[in-house]
Amino acid sequence: MFSIVNEKKISNSFHLRLIKGAQKIIGMSNEISHLFTFNSGTRQQNTERLTAHKLSIMALVYEYQQLIGLQDKIDESTEQNQFLTDREKRVFMVLLLNLLQSPDMDLKTLRQHIDHALKPAILEAVYELLRTISHSGVKPINDFFDNISTLLSTNEKEGVIRRESIMGLYIRRMELAYNEMSFSQVVDMYNKVRRYYELGFPESKEEVDKHCWRKSGTFGVSDSALSMSLLEDQSVLEPPSSQNFFSKKQAEYFIANQALLLSHDEGKALPPDQLQQRISSILSANPDLAEAHFLSYINSLRVKEYCTALHNLYHYFDRKACAPTETNPPKKKGAAEEVAMRYAALNLASLQFRFGNKEECRAALQEAIRMAQESNDQICLQHALVWLNLLGETHSGVTQLERSIKKTIDLSLPNLTVLGLNWISKGLGTRAELPARVIDYFTQSTLINCMHSNYGMMSSGCIQRSAMWHYYGKRELCSLDSQIVLNLNTSVNGVYFNGEAVCIALCNLAQQYADTGDFVASAEILNQAKVRFPFNTSHAEIWQSCQVRIAFTRALNNRKLNEAEQLLVDLEAVDEPEAKIRKPMLLKEKGQVTEAFACLDLLLSECDKEKSEYFADYRCRVLLELAALYITTGNHSFAVIHITDCIAHAKKHYLELYAGLGTAYLAFVQLNMNLPEQGIKLIESHLMSILTNASAQDKARVLYVYARCKVAAAKNANLSKAAKKSELISALNLMSTITSLFKSVEAHMMEKDALYFQALLYNEMGNIDLRNSCAHQFKLLDKLYPTLSSVSVNFV
């Protein structure tokens with residue numbers, strides 16, 4: 001076996017041996033060509049590999065240092081345009097750092113990065129080196145390593161690159177990789193460099209070919225070039241820079257960078273298919289890199305690929321437990337395997353939970369808890385407790401959770417502390433605890449997140465607090481917290497947090513604008529959510545649900561029932577609970593009252609189950625829909641039962657908005673029972689909270705009942721003509737506001753009802769012109785949106 005690694009010059013005798021070796025290789029078959037490669041199982045292969053791309057990077061550094069050295073020896077004959085400015089030096093250093101961290105690339109791609117950024121003198125020298133190698137063979141590579149080694153020094157005064165620096169370590173690793181190369185590997189390296197240069201400069205290929213043919217067979221030809229030409233036909237010409245090749249350091253940087261992007265801003269990470277191709281390339285060069293399998297596991301979760309995710313998770317922990325490391329001696333190997341087994345079970349539980357397999361998740365958690373208890377692993381136990389809370393397995397109340405939070409503080413686990421506080425807040429909120437106490441826990445978690453600059457948890461905490469404000473009926477405070485999430489400075493290395501919390505915040509604002517009738521602003525916000533969270537991301541279902549809900553409400557108000565029916569099918573695919581409660585609303589508009597009652601009764605029975613998945617606000621919505629259906633069919637007594645149930649349930653859980661809406665429904669029943677005075681008192685007791693937090697449509701409906709109660713009360717009371725006229729004028733002013741609110745949200749059927757009542761009031765006051773104006777508007781709307789069912793006439 002021949003080696004040329006440490007020769008300063010290639011002697012004539014070596015040339016002869018090289019040619020003879022080449023002739024022997026030509027006569028051999030491809031099956032035994034691997035004999036010239038040291039790849040036996042008894043020798044551990046070096047993790048670093050010299051490639052044409054890495055040779056180009058070292059050439060860039062060498063020529064840069066040559067230009068710096070020339071600049072230090074300034075004389076009158078030196079041209080000023082050859083000097084490097086401070087800005088050019090900074091650009092070179094940043095570019096070099098990016099190239100060191102990036103995987104190998106072909107010369108054409110490398111030129112796109114450096115041609116516009118570096119001095120022509122540096123570029124020309126680098127390309128000339130590659131051209132010389134393509135013409136002359138191995139000798140220029142050997143000479144280059146001799147030259148670049150002179151740049152390294154342990155003393156700053158003797159050299160220009162310290163051996164302990166990033167670039168110094170890089171050059172030393174490449175030197176070691178080159179020195180360990182066998183004869184056939186050097187030959188293969190030359191062919192790859194030549195192919196690398198030809199692909200980067202296609203126009204020079206013809207010139208190189210002519211040069212080789214013209215010089216072959218003459219006494220002036222370089223012996224090494226001749227030997228390389230003899231070997232060319234038998235060598236395997238892979239892509240020269242091996243664009244798919246990652247060294248271990250490059251792979252670790254790539255994995256860490258992609259993992260950060262997936263957790264911080266999934267849209268900035270590579271698409272799932274491209275990322276999986278890169279991971280396959282990493283594993284082909286670094287088969288024992290366990291972290292690559294875990295990145296593949298996360299990537300599979302993005303596209304909800306269960307089988308592939310499970311496969312990668314198993315591979316990760318298999319390699320993590322068995323990986324030979326200097327810090328893991330054989331006597332501790334069993335302990336390391338036990339740790340890997342515990343956290344493998346935890347991650348398996350996380351995977352099963354994501355795919356809705358709760359029984360399998362519970363079994364994996366029990367296994368993790370058993371192993372953690374045997375080894376007294378408190379950290380693993382705390383993680384398991386968080387997952388048990390998500391499964392709803394803990395029944396010991398807030399006290400147990402508070403003890404768990406104290407334990408996480410002692411163990412310095414701030415993430416688990418925040419999760420515990422948020423879980424307590426959510427649990428207290430759904431169990432009718434005082435809102436002040438609930439919000440206080442969220443405030444504590446926010447302080448912890450600020451202390452640790454945990455932007456993801458900070459955004460999640462704010463959006464959960466926003467959800468609790470929405471739950472309590474404080475829509476303005478919900479909007480405020482959503483805007484806080486969008487205005488937080490969450491930049492990490494120039495990348496802003498763009499996770500689930502941001503998507504929910506955008507949807508909250510879009511829904512708020514839609515509720516006020518500003519559908520243009522709502523659409524713009526949703527378009528921003530589409531850009532940030534494309535269809536292939538894991539959070540796309542959030543904005544899809546919001547978009548379909550808004551479109552369904554508009555279609556229902558515009559009497560586009562066929563469109564609403566199709567939207568209901570779309571909503572069921574992304575948000576089943578919302579689809580269930582909106583289905584009876586559609587059936588009611590279509591006049592199918594019996595089917596609507598059946599749907600609502602079934603939904604109410606699901607809400608009343610002991611372990612129901614629905615919260616208190618959802619149950620209140622179901623009760624109000626049932627009450628509205630009973631009112632429209634004339635069964636007020638049954639409606640009162642559901643209304644009072646809704647009011648009591650809302651007050652128990654501090655749901656201020658639903659308590660106010662329930663009271664408005666009760667006032668409408670009293671109006672129909674000829675008790676308008678009591679209806680006025682009920683509405684006025686909750687009018688402020690309704691006008692502050694309700695949607696435009698709900699505001700208009702409540703004000704409509706209020707105006708009708710005022711008119712009815714004025715007729716029943718023995719008022720003077722002037723006082724009665726004053727009440728009618730007050731009601732007409734309200735009706736003007738009501739019709740504009742209905743019009744803004746495109747609730748045209750309700751707008752028709754309001755215009756009809758307004759025309760009656762003008763007629764009673766003797767204002768014929770305004771009466772006719774309202775009647776004309778009613779007629780125009782009736783042509784566009786005819787009343788096909790008596791169910792649609794009533795405001796509820």
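Quick caveat: nothing in here was measured; it's all calculated off a predicted structure. For the single chain, residues carry numbers from 1 onward in sequence order.
- Side chain of Ser460 to main chain of Met457: no donor-acceptor pair is present (N/O by atom type, distance under 3.5 Å, no hydrogens or angles).
- Side-chain contact between Ile424 and Ile405 is present, with heavy atoms from C-beta onward closer than 4.5 Å.
- The side-chain heavy atoms of Val418 and Gln444, taken from C-beta on, include no pair separated by under 4.5 Å.
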>> Using the rule given for ring-ring contact (aromatic ring centres under 6.0 Å, His included), can you reason through Phe533 versus Trp543, listing the C-alpha separation, both sets of side-chain angles and the distance that settles it, and then say yes or no?
In response: CA-CA 8 Å; Phe533 305 93; Trp543 64 259; 8.9 Å; no

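- Using a distance-only test at 3.5 Å, with no hydrogens or angles considered, no donor-acceptor pair links the side chain of Asp481 to the main chain of Ile463.
- Taking a cutoff of 4.0 Å between a charged side-chain nitrogen and a carboxylate oxygen, Glu360 and Arg354 do not qualify as a salt bridge.
- Taking the charged nitrogens against the carboxylate oxygens, Arg431 and Glu433 have no contact shorter than 4.0 Å, which rules out a salt bridge.
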> After noting the C-alpha distance and the side-chain angles of Val548 and Asp575, does the key distance pass the side-chain contact (heavy atoms from CB on, under 4.5 Å) rule?
Replying inline: CA-CA 10 Å; Val548 176; Asp575 196 342; over 6 Å; no

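- Ser522 contributes no side-chain N or O that, together with a main-chain N or O of Asp518, makes up a donor-acceptor pair within less than 3.5 Å.
- Residues Asp288 and Arg319 are not paired through a salt bridge, judged by the lack of any N-O separation under 4.0 Å between the basic side chain and the carboxylate.
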> Can you check ring-ring contact (aromatic ring centres under 6.0 Å, His included) on Tyr297 and Phe294, steps first, answer last?
Replying inline: CA-CA 5 Å; Tyr297 159 72; Phe294 197 81; 5.2 Å; yes

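- Checking each of Arg549, Gln547, Glu541 against Ser545 for a side-chain hydrogen bond (donor to acceptor under 3.5 Å, both in side chains) leaves exactly one that passes, namely Arg549.
- Side-chain atoms of Asn312 come within 3.5 Å of backbone atoms of Thr308 as a donor-acceptor pair (strictly under, hydrogens ignored).
- Ion pair Arg621/Glu578 flagged as a salt bridge, since at least one NZ, NE, NH1 or NH2 atom sits closer than 4.0 Å to an Asp/Glu carboxylate oxygen.
- Counting all heavy atoms, side chain and backbone alike, Ser466 lies closest to Ser482 at OG-OG, 3.2 Å.
- At least one donor-acceptor pair under 3.5 Å links the side chain of His264 to the backbone N or O of Val495.
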>> For Met167 and Val61: C-alpha separation, side-chain torsions, deciding distance, then whether side-chain contact (heavy atoms from CB on, under 4.5 Å) applies.
In response: CA-CA 9 Å; Met167 197 62 217; Val61 174; 3.5 Å; yes

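- Between Tyr306 and Phe355, the ring center distance clears the sub-6.0 Å criterion.
- At least one donor-acceptor pair closer than 3.5 Å links the side chain of Thr443 to the backbone N or O of Ile439.
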